[in-house]
Structure formats: C-alpha cells, structure tokens
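Some notes on the structure that comes next.
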Amino acid sequence: MIDADALPGSKPDLPQAPLPAILDAAIIGGGPAGCSAASWLAQLGLSVAVIERGPRLCGSLQALTYDQDWLLGQPGESLAAVGDRYASHVRALPGAHVLVHRSTRHLDWQPELGWQIHLDGETLAATGADLPERQPLRARALVLATGFTPRHPAPLYPAGPRHGRVMDAIELTASRDNLPPGRLLLLGGGDNAIENALFLQARGHDVTIWSRSDWRAQTHLLQQLDARPGIRRRPAQALPTAVTPQADGVQVSSKAYGDEAFDHVAVLLGYEPEPSAWLLVSDALQRAGVTAPSQPFRDEPRFGVLGLFVAGDASGRQHPCVQTALGDGVVAAKQVEAFLRPLREAQPPLALRRNNRQVIHITGLRFGANLGVLDFEREGPQPIQVDAEVNLGAQTIVSRDADIGHVLDYRRVRLIIIDECTAEHTDLLEALLGKLCTRLMKLPGVVGVRIKVTKLEIFPDCQVAISAECGQW
Ligand SMILES: Cc1cc2nc3c(=O)[nH]c(=O)nc-3n(C[C@H](O)[C@H](O)[C@H](O)COP(=O)(O)OP(=O)(O)OC[C@H]3O[C@@H](n4cnc5c(N)ncnc54)[C@H](O)[C@@H]3O)c2cc1C
C-alpha cells in the first residue's frame, strides 16, 4: 500500500496558498509535461493548478527505476529520481497549486466564463480553496497533459480482471524485477520489447520476441540482441490469433506455430493518447456548439482561441519521452501566456472575437455534367444540381469591410464545382463527390465540406442524390 503523504510529489513542500476564484490556467495531468507547463506558467507570474488523478506528481515515472540515457545531461540516472525532483520543484513554486488524487468528472466551456472543471474526490474546500464546497474550479485556459496509455489490442490483451499472466508495458515494468523465471513471450519489435527481452533473458527467463514487422529498435539494442542467440526471434511474422490466460500459464495460438504454452505474455504494441480528459473536453465543446477535436488532439489555432492547449504524450507525438514532454510544457505555457495577454490588457476575450464559425453555402447550382454508367448517360451531359457547404471554421469577427483577398471568394467555390463536374466523364456519383471534396478541402482555410449531387432527370418520377461530408463539422 502506497503512503501517498510520504511521496515527494504528493506532500506539499510549502503550504499552498488558497486557490483563486479564477485561475489563469488549469493543467490536467501532472507528469513531466504538466509539471514543465506549471513551472513556466508560475514563473511567468500566472496562477495555475495541476490536477493529477494519481497520488503524486510524475507518478508515471515511479516504476522506471533503471538507469536511462535518453535525458540529456542525466545519463545513468533513473527517471523515478528525475520525476521526484520535478515534483518537488513544482511544489515549491509560488502561484502553482497541486491537486493530487483528483479526477475531473465534468468540464464546461463558455466564451465569457472560460473553463469550469468539476472535480471528483475531496472537495476543493479541503484543499484550501477559497471557494464554497463543490463549486467547480474555474480557469481561463486549459492544458491537457494526460500522457498516453498502452494499446490493448483485443485478441492479444484479453479484457476483464487482470490476472498477471498477460501484461502491458506498464504492468511488465512494474513486475519484471519479481517475475519468476519461465517461458516468456514479448509481442512487439520496438525499443521497449528489445530492452525487456535483454533484461529478462539476463534474469534467467526463456524469452521469445515476436514482431509483426522487422525490428524497429535503436542500433545498440539490436547489436545486443544479436549477441544473445538464446533469445528466440520471430521478426516480420503475423501476430498470434488468440492469447488465452489459463490457471497455470497462457495459451498462444497462431497459424505459424499452432498452440503454444507460455508462463507470461507481454503485449508491447505501442501507446495511444490517454482519452479520459479529451472525451470530457470534446463533450464540453459539443455542448457549446464548437466542433470537437479528434483524437489524438493536436494543437490547432481554432482551439488555441478557446484557451485549450495540449502538451506531452497526450498530443500523440511521434517519439514520446521525458525530454519532448518537457519541451511541450514550455510551448504550452507560452501559448497560454499569449492567449491571456489581451485579457490582461482588458480587451474582449479572444474567444469572443473569434468563435464565429463561418460556412459558405452554395445551393441549387444547376448545370449539365457528363456523369453515369448507363448508355444514355454516356451520350451527353445530363442536368445535375449541386448543393455545397464549405466550413471555414472559427473566424475573427470583422465589423467593417475588408479586402476580398482576405476571405475565401464564394465565386471561386462555385467555379471549382462546375469545373470539377464538367472537366471529364465520371461514371460514379460517389467518385464525383470524392473529387469535389478533395478539391474543395484544398482551398485555403477550409476545414470541412458537405456536398450533395442530384441527378435531376435520371428517372421520370424521382430525382436521385448522394451526399458526402468530410473534414470538421
Ligand atoms: C515502460 C516505459 C519506459 C519508458 N522509458 C523512458 C526512458 O527511458 N526515457 C524517457 O525519456 N522516456 C521514457 N518513457 C516515456 C516517458 O515516461 C513519457 O514520454 C513521459 O512520461 C511523458 O510525459 P507526459 O507528462 O506527457 O505524460 P505522463 O508522464 O504519462 O503523465 C500524464 C499524467 O496525467 C495523469 N492523468 C491522465 N489522465 C488524467 C485525468 N483524466 N485527470 C487527471 N490526471 C490524469 C496521469 O496519472 C499521469 O500522471 C517510458 C515510458 C514507459 C511506459
């Protein structure tokens, strides 16, 4: 049982000041990215709260007790020790509030109010907040720094209660020092799989490593693998069709090897951004009438104007590591500062000035097009009607005339539709819709397209239309 109060990231180094009624920024997730963002925000003189659902800051690094050499300037030091220092640093920053063991239950966003964060667990009053019990935390900006979670592909990582026989990367890291030597299967071909293969074989395990593609690990790991012939290798092999935990082991079934028995299986097939907070954000934005971000949620200007930013592994970056997470935290803090600057200068909030979604509508556009697979359709053009909506996303509200060169000219949209439909004969309506979507989506500033093409005279008694939607709506 972990004594949360005894952990460096969970126990305040200094007494925390009461939370202000409105924070400049709230950060969901207290890993390296969240800590880095908090540190910069506090040093920029902004008020910030880090909301961490675990018992301590940088808890994700606690199991990483081995010597690492990815972090520049800190070779041979464990990430667990590095994480302790990040946590203590953030704890000591005036202006930074640390709320551990807190989950976000619900989020709201409104242009005038910013973000409202409803927390589970102990009430804010218990944290010294200067707020009535159960009142949501309010923040002008929100940073998602919720990290990633291992992928659990269904046939390989059976759902349900954990039994310890089939593990993901985090479960393996937590237990690998104490696993009794036995037959061990590692599914994966990246750094994590190879490093574990080397580590576990050195501890007396009979290791098989199995990857659907060729090995993708760092050269020095592959050289070490080459020097260990005892590790069975199955590169570029279709993965098992079933992994079935049993009382005394795991049955692994595959086309290439039939049924095999292992003592343990580790599924090391990558990670995906942790979805919990992103789902709450999406829900809040949908309710506010704003098109929600897709997962992985990357920085986009249309969310920046709402005071919404992302940092670290949560952004689904190509190479997740502590160093990139720290850098992301700095970038997010600077983005928050830039977002808040107009507010501080008493201007209307950017969100108010820019949450004006604009859509160009072209309705009832009729002309002849060479379209269709029927004989008579090949003889010449037939009348069609095109209805289109072109989503330009959030725009700055302009209350006086501006140069036409600064906006997307709807005459151009109309001409592109006619040109695309008449340039050549197209057999299928579906293909014509695809061509139109592709061409319109390439226009500057366009984030989504809805299009409907109607054959007006294909039948004497009805019209036929197909519509398509792509991009963001
Ligand atoms: C087995 C393993 C080995 C690794 N080895 C290395 C290495 O040697 N060197 C290296 O640089 N990197 C390594 N990494 C990667 C490194 O740990 C991550 O890239 C880094 O921690 C990312 O930081 P982050 O802040 O983006 O996310 P995380 O460290 O994952 O932090 C996210 C935090 O958000 C919290 N959270 C999530 N959802 C919510 C929510 N809804 N509400 C509140 N809190 C929430 C989580 O509890 C967590 O504390 C390793 C990772 C693993 C899994």
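Computed from a prediction, not measured in an experiment: that's the story for all the values here. Both counts, for ligands and for their atoms, begin at 1 and track the order of listing.
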Residues at least two apart in sequence or cross-chain that pass salt bridge (Lys or Arg N to Asp or Glu O under 4.0 Å) with Arg287, listed by chain then number, are Asp108, Asp283

| query | Using 4.0 Å as the upper bound for N to carboxylate O, is an ion pair formed by Glu260 and Arg234? | reply | yes

| Is it true that Arg56 and Asp84 have a side-chain N and a carboxylate O under 4.0 angstrom from each other? | yes

For Gln68, the side-chain hydrogen bond (donor to acceptor under 3.5 Å, both in side chains) test, sequence neighbours excluded, returns none

Show which side-chain atoms of residues 20-29 pair as donor or acceptor with protein atoms under 3.5 Å away, not counting sequence neighbours.
residue: Asp24; atom: OD1; partner: Arg140; partner atom: NH1; Å: 3.1
residue: Asp24; atom: OD2; partner: Ser47; partner atom: N; Å: 2.9
residue: Asp24; atom: OD2; partner: Ser47; partner atom: OG; Å: 3.3

Practice item. Report, as yes or no, whether the 6.0 Å neighbourhood of atom CZ on Arg162 holds more than 12 heavy atoms from other residues, nucleotides or ligands. Key: yes

Between ligand 1 and the protein, find all N/O pairs closer than 3.5 Å and give the distance for each.
residue: ligand 1; atom: 5 (N); partner: Tyr66; partner atom: OH; Å: 3.2
residue: ligand 1; atom: 11 (O); partner: Val322; partner atom: N; Å: 2.9
residue: ligand 1; atom: 19 (O); partner: Asp313; partner atom: OD1; Å: 3.3
residue: ligand 1; atom: 19 (O); partner: Asp313; partner atom: OD2; Å: 2.8
residue: ligand 1; atom: 19 (O); partner: Cys321; partner atom: N; Å: 3.1
residue: ligand 1; atom: 25 (O); partner: Pro32; partner atom: N; Å: 3.2
residue: ligand 1; atom: 25 (O); partner: Ala33; partner atom: N; Å: 2.9
residue: ligand 1; atom: 26 (O); partner: Asp313; partner atom: N; Å: 2.8
residue: ligand 1; atom: 29 (O); partner: Ser60; partner atom: OG; Å: 2.5
residue: ligand 1; atom: 41 (N); partner: Ser276; partner atom: OG; Å: 2.9
residue: ligand 1; atom: 44 (N); partner: Arg53; partner atom: N; Å: 3.1
residue: ligand 1; atom: 47 (O); partner: Glu52; partner atom: OE2; Å: 2.6
residue: ligand 1; atom: 49 (O); partner: Glu52; partner atom: OE1; Å: 2.7
residue: ligand 1; atom: 49 (O); partner: Glu52; partner atom: OE2; Å: 3.2

